[in-house]
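One structure is given here, and the rest of the page talks about it.
What you see is a predicted model; the values in this text were computed from it and never measured. Count residues from 1 along the sequence. One-based numbering, in listed order, for ligands and for the atoms of each.
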Amino acid sequence: MIKSFSLVVALFFSVSFFAQNLQSPSEFLGYDLGTKFSRHHQVVDYFKHIKTQNPQQVKLDFYGLTNERRPLMLAIISSEENMKNLETIRENNLKNAGILEGTPSANNIAIVWLSYNVHGNEASSTEAAMNTIYKLLTEKKEYLKNTIVIIDPCINPDGRDRYVNWYNETASVPYDIDQQASEHSEPWPGGRPNHYLFDLNRDWAWATQVESASRLKVYNKWMPHIHVDFHEQGINEPYYFAPAAEPFHEIISDWQRNFQTQIGKNHAKYFDAEGWLYFTRERFDLLYPSYGDTYPTYMGAIGMTYEQGGHGRAGLGILNDESDVLTLVDRLTHHTVSGLSTVEISSRNAEKLNTEFAKYFNNSNLKYKSYVLKGNADKIQSLTTLLDKHEIKYGFAQGGKVSGYDYASSKQGQMNTSSKDLVVSTNQPKGKMVKVLFEPQTKLSDSLTYDITAWSVPYAYGLDAVASKTLIKTDNTIFKEIPNPLKNSGSTGYVLEWRSMKDAQFLADLLNGGIKVRFTEKPFTTQGKTYDRGSLIIVRGDNKTVNDFDDRFIAIAFRHNRLPEAITSGFSTSGPDFGSPDIKLVNPPKIAILSGDYTSSLSYGEIWHFFEQQLHYPLTSIKTDDLSGTNLSKYNVLIMPNGYYGGLLNEKLMDKLKTWIRSGGKVIAIDGALNSFVDKDGFGLKRNQPQDSSKNKEAGKLIKYADRERYYTKDLISGAIFKTDVDNTHPMAFGYDDTYFTLKRGSSSYSLLDGGYNVAYLGKNPKNVSGYAGQEALKKLDNSLIFGEQRMGSGSVIYLVDNVMFRSFWENGKLFFVNSIFFVNNNLVEL
Ligand SMILES: [Zn+2]
């Protein structure tokens with residue numbers, strides 16, 4: 001794999017005759033590229049150097065800051081002449097797509113966007129980015145005559161520096177190629193994710209992270225024709241490039257497929273010449289829209305993933321299982337070659353890229369013309385925030401009736417519309433992305449996929465929806481402004497309904513501000529209006545010690561756009577009065593979460609991000625290593641993220657946990673954390689066994705070796721949506737209707753709780769409403785738990801079988817989590 005690499009190195013690293021003052025990466029950094037990992041600031045400095053030396057050919061765009069305040073940066077490079085017309089070329093491209101009004105003048109400039117190091121510990125690619133920009137400005141200048149190359153040298157600077165700093169602290173000198181050496185084993189959480197431990201290569205469509213949201217703004221300004229996301233894979237797998245694997249989303253055009261093959265063949269030419277191994281058309285499919293290959297593809301580009309063998313394990317050099325020493329120099333060299341080859345083939349096909357790009361944006365053949373969504377105004381608004389990130393247009397319905405596919409019933413239905421209902425139509429340039437995000441079911445050409453197979457936005461946002469085959473007319477009115485909340489110093493207090501995450505943020509802010517809040521466990525009617533379970537009641541008498549209570553309360557309500565009602569008497573027309581035991585004080589909980597070994601860093605990060613950036617409520621992180629010495633009595637709630645706690649919870653720790661729960665503690669266990677309690681003494685959680693397992697019947701059937709992967713798809717649920725029944729009289733489900741659509745990932749299944757509360761569950765013969773679920777996996781889900789609560793002494797264990805925080809995009813699940821924290825068994829026991 002690296003036999004002839006000295007020749008390549010000579011070719012790649014000894015080029016200095018072009019440069020006057022322009023330095024190669026090695027000259028600038030003071031070490032041969034690939035012999036050390038460069039820290040992010042050094043990379044930024046090198047790009048600044050490039051810009052200073054070539055101001056006519058290079059533009060830097062600092063497009064944001066990471067959570068740890070590292071700069072996010074793009075270099076835009078081309079010929080001097082193109083750079084003079086850069087704005088015209090950019091606008092022409094948007095006109096070509098119909099995004100900008102006006103007729104494009106002849107456009108034959110290709111726009112290629114190269115994104116590096118989205119996974120921080122796949123660290124060869126940022127080194128390759130420096131090499132690639134240098135080569136383009138020196139040896140490969142001719143490509144730039146008709147090509148704009150946009151280089152993002154590091155999508156994930158926080159993750160990269162986490163990896164690089166750890167490696168530099170750990171590695172031997174000279175580096176140790178022994179796979180067992182500590183420099184090949186990253187500690188938790190590793191450098192792959194960003195600051196909040198999100199996988200940025202699962203975040204393009206949801207843009208929950210600052211890196212993604214900032215990037216989409218510049219991406220939408222450019223809308224490139226080609227996008228490459230540079231990655232690394234296991235040390236024994238040489239290199240992967242396009243064409244991608246099935247399943248392909250049906251929206252992908254023949255041209256997009258074909259050009260992937262042309263690109264792959266161009267790379268193969270270079271790789272074959274060097275004797276470098278590679279594979280194509282396997283493993284990396286094009287379906288889930290949140291990747292650095294699929295997202296650009298659905299936005300009209302040729303979106304691709306390139307994977308070099310290496311990853312966080314490889315360091316500066318490692319002996320792989322094929323007895324080759326894989327070095328950082330090899331890795332960055334391969335990524336440089338594939339990057340340059342991509343620019344070359346794009347440059348050669350610039351005109352065709354432009355005409356085909358324009359064709360992609362013709363959306364006249366899409367089956368559904370409009371998606372109409374109805375529901376809670378906060379949820380609608382939260383969805384429009386997502387659409388704004390993608391610059392997808394929307395409007396609001398006029399009065400009338402819409403018929404089409406009804407998401408709630410999974411069949412044809414009708415909806416009466418009003419000006420509050422959101423309409424998102426496919427007759428707009430980004431109509432194909434609208435289809436991908438909104439369609440009720442994604443067509444699967446193959447059930448073997450790398451990721452979830454369902455994400456339909458109406459289910460994720462908890463909105464009723466109809467997909468219509470006719471175009472629905474809209475008024476483009478923006479949201480009606482919510483009137484300012486009014487203070488009423490003579491009132492007994494204020495009441496607000498509980499329906500959305502915005503209400504939850506309001507509650508958190510009140511509690512942080514020292515204001516006492518109650519919630520009702522039963523509906524009540526007062527002043528002619530009925531308030532459902534979960535409604536918040538802020539009683540003046542509870543807040544006597546709060547200075548300027550009304551002003552402070554109204555200021556918080558204003559900040560959150562809430563419109564609480566002033567109530568003049570605590571005597572209700574029907575239902576409980578304000579002093580009733582059914583109207584309970586929200587005891588502001590002290591919350592801890594387990595982090596570190598045994599926890600999934602992704603799940604931990606989702607909750608960390610949720611508390612800090614969404615709910616804005618304090619959270620204490622406790623390392624699993626410290627749990628045995630932790631004084632749990634300081635906390636009311638302990639969150640166990642998805643994880644693998646088998647090696648952690650020995651008998652002693654389990655006893656400690658149970659004692660704490662019995663005295664009033666509340667555990668919230670998510671996904672894999674449930675394994676710690678299943679079939680354990682004192683816990684009511686049991687695995688669900690299918691009544692009639694047809695596995696035995698099939699046991700005699702011979703399975704061919706070649707069919708083994710496909711055979712096991714019958715046991716698989718690769719991220720599918722199910723309709724669950726909800727007991728919305730339980731505090732955990734306050735604010736919900738009596739059904740809920742859950743995203744189920746994986747086929748773990750638990751029986752309904754005997755002696756506990758089954759808050760959301762699947763009944764007999766559950767069917768997936770969207771996404772893939774194997775027939776055997778479905779049988780196991782018969783009468784199974786989704787969310788539940790079990791009491792133990794004064795405390796509780798809350799089971800979240802499905803992770804409502806997964807990638808932070810299933811908006812409608814988040815209130816179950818908030819309810820678990822603030823409402824469920826929120827007793828006043830002093831721990
Ligand atoms: Zn990767």
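With a 6.0 Å cutoff to the six-membered ring centre and a 45° limit on the axis angle, K217 does not count as a cation-pi contact of Y63. Relative to the ring axis of Y240, R283 does not place its NZ or CZ within 45° and under 6.0 Å from the centre.
Under 2.8 Å from the Zn ion (ligand 1) lies an N/O/S atom of E122, whether from backbone or side chain. In summary, H119 places an N/O/S atom under 2.8 Å from the Zn ion (ligand 1), meeting the contact criterion.
H231 has its closest N, O or S atom to the Zn ion (ligand 1) at the position named ND1.
Remark: K435 NZ is packed, more than 12 non-hydrogen atoms of other residues, nucleotides or ligands lying under 6.0 Å away.
The distance between the ring centers of Y306 and H267 falls below 6.0 angstrom.
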